[in-house]
There are 2 protein chains.
Amino acid sequence: MTPNADDAAAPDAGEDRALNPRRAAILEAVVTEYIDTAEPVGSSHVANAPGIQVSSATVRSEMVALEREGYLTQPHTSAGRIPTDKGYRFFVDHLASPGVLGPGQRRRVTQFFDQVHGEMETVLERATGLLSELTSYASVVVGPSHESSTIRSVQLVGLSSAHALLVVVLSDGAVEKRTIELVEGTDEDTLARAGAFIGTQLVGRTLSEPWSVPPSGSPAIDALVRSAGAAFDDLEGAMDADKVFVGGPARLAESFDAVETVRSVLAILEQQLVVVTLLRDVLDRGLSVAIGMEHGYEPLSSCAVVVAPVSIDGQDLGAVGLLGPTRMDYPHAMAAAHVVGERLGQRIVGGHDGGH
Amino acid sequence: MTPNADDAAAPDAGEDRALNPRRAAILEAVVTEYIDTAEPVGSSHVANAPGIQVSSATVRSEMVALEREGYLTQPHTSAGRIPTDKGYRFFVDHLASPGVLGPGQRRRVTQFFDQVHGEMETVLERATGLLSELTSYASVVVGPSHESSTIRSVQLVGLSSAHALLVVVLSDGAVEKRTIELVEGTDEDTLARAGAFIGTQLVGRTLSEPWSVPPSGSPAIDALVRSAGAAFDDLEGAMDADKVFVGGPARLAESFDAVETVRSVLAILEQQLVVVTLLRDVLDRGLSVAIGMEHGYEPLSSCAVVVAPVSIDGQDLGAVGLLGPTRMDYPHAMAAAHVVGERLGQRIVGGHDGGH
DNA sequence: ATCTGGCACTCGGTAGACTTGAGTGCCAGG
DNA sequence: CCTGGCACTCAAGTCTACCGAGTGCCAGAT
């Protein structure tokens, strides 16, 4: 083994250095081919690929180097190579051409946003459908958090003689409610006044701001305020857990053929909190893709996650994500996530209900 | 073949007639064994089963008859028998012992209902988790419809200069909202008055009741009433689509090992409307189990659905369902669905928020 | 100093032959 | 009418041979 200029002396030294252009080309050929066929790709395939002008023997020796450096791996001797996570990573970072949606898909997106109407939640929910349809991967959408929204209205509505509903409206259009129990014989009027009274104290504040309501002078109202306060705390806790929408879980079963993989990935998707954390983590690290074990979730080790922020000039409004096999079509998935994220952002600030 | 008393002369005549007790016992043995092992069961297994006092040869000839009558089938010659849908059906209707939850599971249910709190939606959602945990099948819960609930409060809340939120509270504690657009310069006070005015007209009615709001005298308010009216219609449409909660989809991947089956069943579960219709259909036919193709959904042909109403003295409050392979543990699943359905019913009418 | 064609070698996958064993259908005798 | 016995069937497992895609290495060409 004559060590030469661009061979990393130790397997894990010189990590991020750009690959020798030929090797890069070979890596690219392997990745694209493998994404396409899901079969290990051999040296002769690569040698025939456009842009490779060397013989298969040369390709082979370069592949040995790429394998030594951790970009490729062999499922077994005498099989072709498949990319490692690191190989995909290099591909995504340095090789993949930006990727655009086809005209049909572009139209589909436009049509979707022209036609969809209704509340934010509905739009987000439907957006997961759109993303899955565009990419045929499972998708995830996280809505904007309520932390900077202010309380717009607080109301107490009687439901029965023993129950009332605390209804809180935020400036972003979110509505939350909690049932509270009443002491026997609370009349409608007292309720309304207690609601109004709480309102005067809370309207204009954010959910997280500490608050207290002074005594009102009426013991009946004060009692109501106390139970409403407890309900309010509960509600406040529930609202800063961002709501997650999952779309196209059935697509997972298309992406993987090991039923066990499907099971464990579905199990992850059931845990909303994990999903949000995952997406946020990836975004916070400034990435748009997490491949294999790059996020820390073992059951997702055979998955890649493509993430795009939903934001408008820096303001964080949520995130969209796509979940597929590591051999997913990154350029396309990234383009889809990006476009949908962007349009969602516009929609959210643009108008609560554009058309209709 | 000497036709004797209990042989049906033609394969599909004499359908529902009770099976000869020995055949019933054999069928039962086959079904329970197959549910347990998922392997075709042979005559000698059956002959050794408790309650069967005849030789394997006799069992064999009875099995031939059972096969002829459509209760059993052979995957191939020289394999054991497995039950057909009809076989499962007979088992469920005439053979299965009622089925009870184990003490641990019973405790789990009690604990769940003691501890769960919060709004109906939350309870229903969590209940799917409980059901999946109890049975390790995917579960479905459909909440009560709002059709007989009356409107308890209508409110218009300003969100921005151009948008307001119509918030409607029903007597069952449900809250729905729609964004409406405002003409420039609508002030807070006009909004509140328009809301109150709509309220005076709608409070006390059901959602489906036709309604109209007379002119108020103020053109500004009338304009608001018109846009709120449109929003209200939209909301009304959305609310009589019952909300469905799906739990433990990951369990599906445990129940089936053909990934294609998993995919198509997941795809069905994504269509909420289909799920509701399916459950309602089954309940309406007075059944608690639908096996294989008994419901009309081709992709679910390898599934069985166990359904239990959520009701209290005849009042329909929804339904719970379990979705598993046809070789599911019917007695256990039925017991679980029944218990959870019952407790949910009590919870719904009993108190909106029991403990906490 | 590199690339290339050639060559021996590896090894997964497939196909065929054979064996095993569970299970059946049928029948003659109790 | 039941039973034990027997011949038969067929899926699944094992073994072997073989093919072919693919590799690593090397000697010679550029």
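Order of the sequence lines sets the chain letters (A, B, ...), proteins ahead of strands, with each chain counted from 1. Hydrogens, waters and symmetry mates play no part in the numbers below; they use all other heavy atoms, side chains included.
- The separation between Gln53(B) atom CD and dT3(D) atom C1' is 15 Å, rounded to whole Å.
- Residues meeting the side chain to side chain donor-acceptor pair (under 3.5 Å) test with Thr58(B), sequence neighbours left out: Ser55(B).
- To the nearest angstrom, C1' of dG23(C) lies 14 Å from CD of Glu33(B).
- Take Asp257(A) and apply the salt bridge (Lys or Arg N to Asp or Glu O under 4.0 Å) test, not counting sequence neighbours, and it matches no residue.
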When every nucleotide of nucleotides 11-30 of chain D is labelled 5' to 3' by its protein contacts under 4.0 Å (heavy atoms), B for base, S for sugar-phosphate only, - for none, what sequence of letters results?
S---------BSBBB-----

With 3.5 Å as the limit, what N/O pairs link the protein to nucleotides 14-20 of chain C?
none

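- At whole-Å resolution of the value, CZ in Arg23(B) and P in dC2(D) are 10 Å apart.
- Rounded to whole Å, atom P of dG23(C) lies 15 Å from atom CD1 of Ile26(B).
- Contact annotation: the side chain of Val31(B) never approaches that of Arg327(B) to less than 4.5 Å [non-hydrogen atoms, C-beta and beyond].
- Checked against side-chain contact (heavy atoms from CB on, under 4.5 Å), Ser44(A) has the following partners two or more places apart in sequence or in another chain: Ser56(A).
- Pairs passing the side chain to side chain donor-acceptor pair (under 3.5 Å) check and including a residue from residues 287-306 of chain A, sequence neighbours excluded, read Arg89(A)-Glu294(A).
- Taking side-chain N and O atoms only, Ser55(A) has no distance below 4.0 Å to OP1 or OP2 of dC3(C).
- Scored by the ring pair (Phe, Tyr, Trp, His ring centres under 6.0 Å) test, Phe91(B) finds no partners at all (sequence neighbours excluded).
- Taking Val246(B) as the reference, Val140(B), Val244(B), Leu269(B) meet the side-chain contact (heavy atoms from CB on, under 4.5 Å) condition, with sequence neighbours excluded.
- Among pairs with a residue in residues 31-53 of chain A, none fulfils salt bridge (Lys or Arg N to Asp or Glu O under 4.0 Å), at least two apart in sequence or across chains.
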